[in-house]
2 protein chains.
Amino acid sequence: MPPTTRATLIEVANVANTSKTSVSRYFGPERHKLSPALQARIKQAADALHYQPNLMARGLKGGGSRLLGMLVADIRNPFSVAIVHGVEVAARKHGYALIVCNTDNDPSLEQRHLASLAAYQVEGLVVNAAGQPQQLLQTIMRSGLPLVLIDREVGEISAPVIGLDNELAIDMALNHLSHQGYRCVLYVSEAPEQASARQERLQRFQQQSASLGLDNAILTSLEEQEAIPALRDFIQKNQGVPCAVLCANGNATLAMTRCFQHLEVAIGEVGLIGIDELDWCELVPPGITTLAQPTDAIGSAAVTYLLLQTLPSKAAKEVQHHHPPVLIPRGSTQLIGPSAHLSP
Amino acid sequence: MPPTTRATLIEVANVANTSKTSVSRYFGPERHKLSPALQARIKQAADALHYQPNLMARGLKGGGSRLLGMLVADIRNPFSVAIVHGVEVAARKHGYALIVCNTDNDPSLEQRHLASLAAYQVEGLVVNAAGQPQQLLQTIMRSGLPLVLIDREVGEISAPVIGLDNELAIDMALNHLSHQGYRCVLYVSEAPEQASARQERLQRFQQQSASLGLDNAILTSLEEQEAIPALRDFIQKNQGVPCAVLCANGNATLAMTRCFQHLEVAIGEVGLIGIDELDWCELVPPGITTLAQPTDAIGSAAVTYLLLQTLPSKAAKEVQHHHPPVLIPRGSTQLIGPSAHLSP
DNA sequence: CTGTTAGCGCTTTCAT
DNA sequence: ATGAAAGCGCTAACAG
């Protein structure tokens, strides 16, 4: 028994006593052009040999690889995973398999992954960038490979960016906080350089908190050494005023929850709301209010967009780029205790 | 500018005024056999054309696809993701890319994915099974494709199963609980049929809890309708005796944490320990004790094992199959309050 | 060192 | 309705 031996078209053809062409037709979209008799013979032979068409070889000729590629900045981030899941489901629905590369936020790894995805002849690329691989993406786009960016722009790249409606998200958060009676809010985000979504959120926060008449402060580090004193100062400076913290993403929510606990600040008394819904947000008493991202919709939109580019050059502008979040109110933005449970 | 046009070996050869072979050599492991002058010419031509070798075509001849395939039962489970990450890192280290398929615990999807992974000519398969795709795996193995199972056996398949040392994990949990003063423990697991790891853990629990002289009870459902009354009854029946709950995996920990909160049972007073470390375990007061799985080690072992099978038929039995967990003690197994902080 | 010549497994005209 | 033959982009002997 030889080591790695998969049956080939030819072997099937021989066993079925016919030609390569017919077997090929049998496994392609032209099966109906074969006589029932031949079909039966081929089926039998193929089954007997456990034949599986070799997609690599198929891709080589004309057929295309039926592969989509995806680059993720951090696969251990639940948000990223949710997006991957969305993309994968959508890809499958269209008959594509997905090859996922995780860059662990390493720009050089990102470059290498990008190169190898191209090398694998993927027919489309979904990129959640860690760094700013402009050059590579530029040449990739020029080569005609459909490209979609998730969540983050990359330099001047003119590919569509699909993701959360960041402005809406900030507005919803701020309105909620304001409506719940908080008058002053600390915005917490990772360093916003290099990530357009972070910039958009931050900027909108600055505009809107002002126009809503909310006092505001900003923290752009999640390091405990910075975050803990920042939170403490924020609360002290605003004694008597109902304060809240708005976390720009799941990581920020995690970090700030730790800070609250470290400082023994009562969650809710000082409000806490975060973008990104996480398993545990309902578990940390009294429950953390979140804005959930519609990850499946985003993933699906990404794939739809890619595939549209493949087709005859439809304008393809019908794909939604900015997806609205869903507010999940919990105790962490309940200023007055368990009353007023029915906030809008 | 034609749509999807990647440069080919031949074009590079033409531009560089040389032959296919030389260009091929340049991109293969024999670059050093080319004169510096030729190398320079080729490099220049390749750069100018943005040439990327086509891995599909390469794989077709002899080279192999340099692809590993992985099947995951539930990609949204943090444990699975951690394993994927481990496998991916290890694969990359050996020069392989990883194509990940998520089955969403759907056996029929699992079948289809398995087939397409084979079709993509992956050189090895890491499978975290959802169902029991024995037949397919059987024929896949017979075809000579290296196969490794993660965490769960599949029927009679004789592939190695790599994962946690389940018996050790249960022993560690029970010893810890016992040492902390708990005398009676409820074991919570999802339905153990179909998943060998669950069976092993459950069985070991039954043996060891008995031999340690601990009272025990078992719950094999995470549904609130069953779990809440079960937990309540368990506590009531053992009033006066220090009770604890042992969760067989992350899902169980999540579910039971909800139950504790629902019933307003104080975590710690009734102990709580779970297999699988999760982000939020330190956040739910007073912190939930866990046994962390060494996911990177498991992923790495899986890849190592696959690759060993590829090589000359070394016995390859040196790969570790059962990996020890790491105990992370927290407040949830602190029976007496914040004293005795230095448990072993 | 470099080029020539066969294919790899499959699809696809173009005949029959 | 079926088959023969010509590649797809690349690697791998085998000459020079």
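FYI, side chains are in, hydrogens and waters are out, and symmetry mates aren't considered; it's all heavy atoms of this structure. Residue numbering restarts at 1 for every chain, and letters A, B, ... go by the order of the sequence lines.
Two residues are said to be in side-chain contact when any heavy atoms from C-beta on lie closer than 4.5 Å; B:Pro294 and B:Leu164 meet this criterion.
Residue B:Thr18 has a polar side-chain atom (N or O) positioned under 4.0 Å from OP1 or OP2 of C:dG3. Between A:Ser22 and D:dT2 there is no side-chain polar atom (N or O) within less than 4.0 angstrom of OP1 or OP2. Listed pair A:Ser19 / D:dG3 meets the phosphate criterion, a side-chain N or O lying under 4.0 Å from OP1 or OP2. Note on A:Ser35: a side-chain N or O is less than 4.0 Å away from OP1 or OP2 of D:dT2.
Rounded to an integer number of Å, the gap from B:Arg66 CZ to D:dG9 P is 23 Å. Going from atom CZ of A:Arg31 over to atom P of D:dA1 covers 16 Å, rounded to whole Å. Here C:dT11 presents its C1' atom at 13 Å from CG of A:Leu55, a figure rounded to the nearest Å. Nucleotide C:dG9 holds its P atom 8 Å from the CG atom of A:Asn54, rounded to whole Å. Following rounding to the nearest Å, A:Met56 (CE) and C:dG9 (C1') show an atom-to-atom distance of 12 Å. Following rounding to the nearest Å, A:Ile10 (CD1) and D:dA5 (C1') show an atom-to-atom distance of 12 Å. As rounded to whole Å, 10 Å separates atom P of D:dA5 from atom NZ of A:Lys20. Here the P atom of nucleotide D:dG9 and the CZ atom of A:Arg58 are 18 Å apart, to the nearest Å.
Nucleic acid contact for B:Tyr26: none, since no nucleic acid atom lies under 4.0 Å from a heavy atom of the residue. Heavy atoms of A:Leu9 sit under 4.0 angstrom from at least one base atom. Residue B:Thr8 is classed as a sugar-phosphate contact, given heavy-atom separations below 4.0 Å to backbone atoms only.
Between the side chain of B:Thr21 and the base of D:dA12, at least one donor-acceptor pair of N or O atoms lies under 3.5 Å. No hydrogens or angles were tested; on distance alone, nothing pairs the side chain of B:Arg6 with the base of D:dG9 as donor and acceptor under 3.5 Å.
Minimum heavy-atom separation, B:Ala197 to B:Asp151: CB-O, 3.2 Å. Closest approach of A:Ala45 and A:Val15 over heavy atoms only: CB-CG1, 3.6 Å.
Comparing A:Ser24 and B:Leu34 along DNA chain C, the residue whose closest nucleotide (by nearest heavy atom) sits nearer the 5' end is B:Leu34. For the pair B:Leu38 and A:Gln52, nearest-nucleotide mapping onto DNA chain C gives the more 5' position to B:Leu38.
Among residues at least two apart or in separate chains, side-chain hydrogen bond (donor to acceptor under 3.5 Å, both in side chains) pairs with a member in residues 120-140 of chain A are A:Tyr96-A:Glu123.
Side chain of B:Thr103 to main chain of B:Val72: a donor-acceptor pair is present (N/O by atom type, distance under 3.5 Å, no hydrogens or angles).
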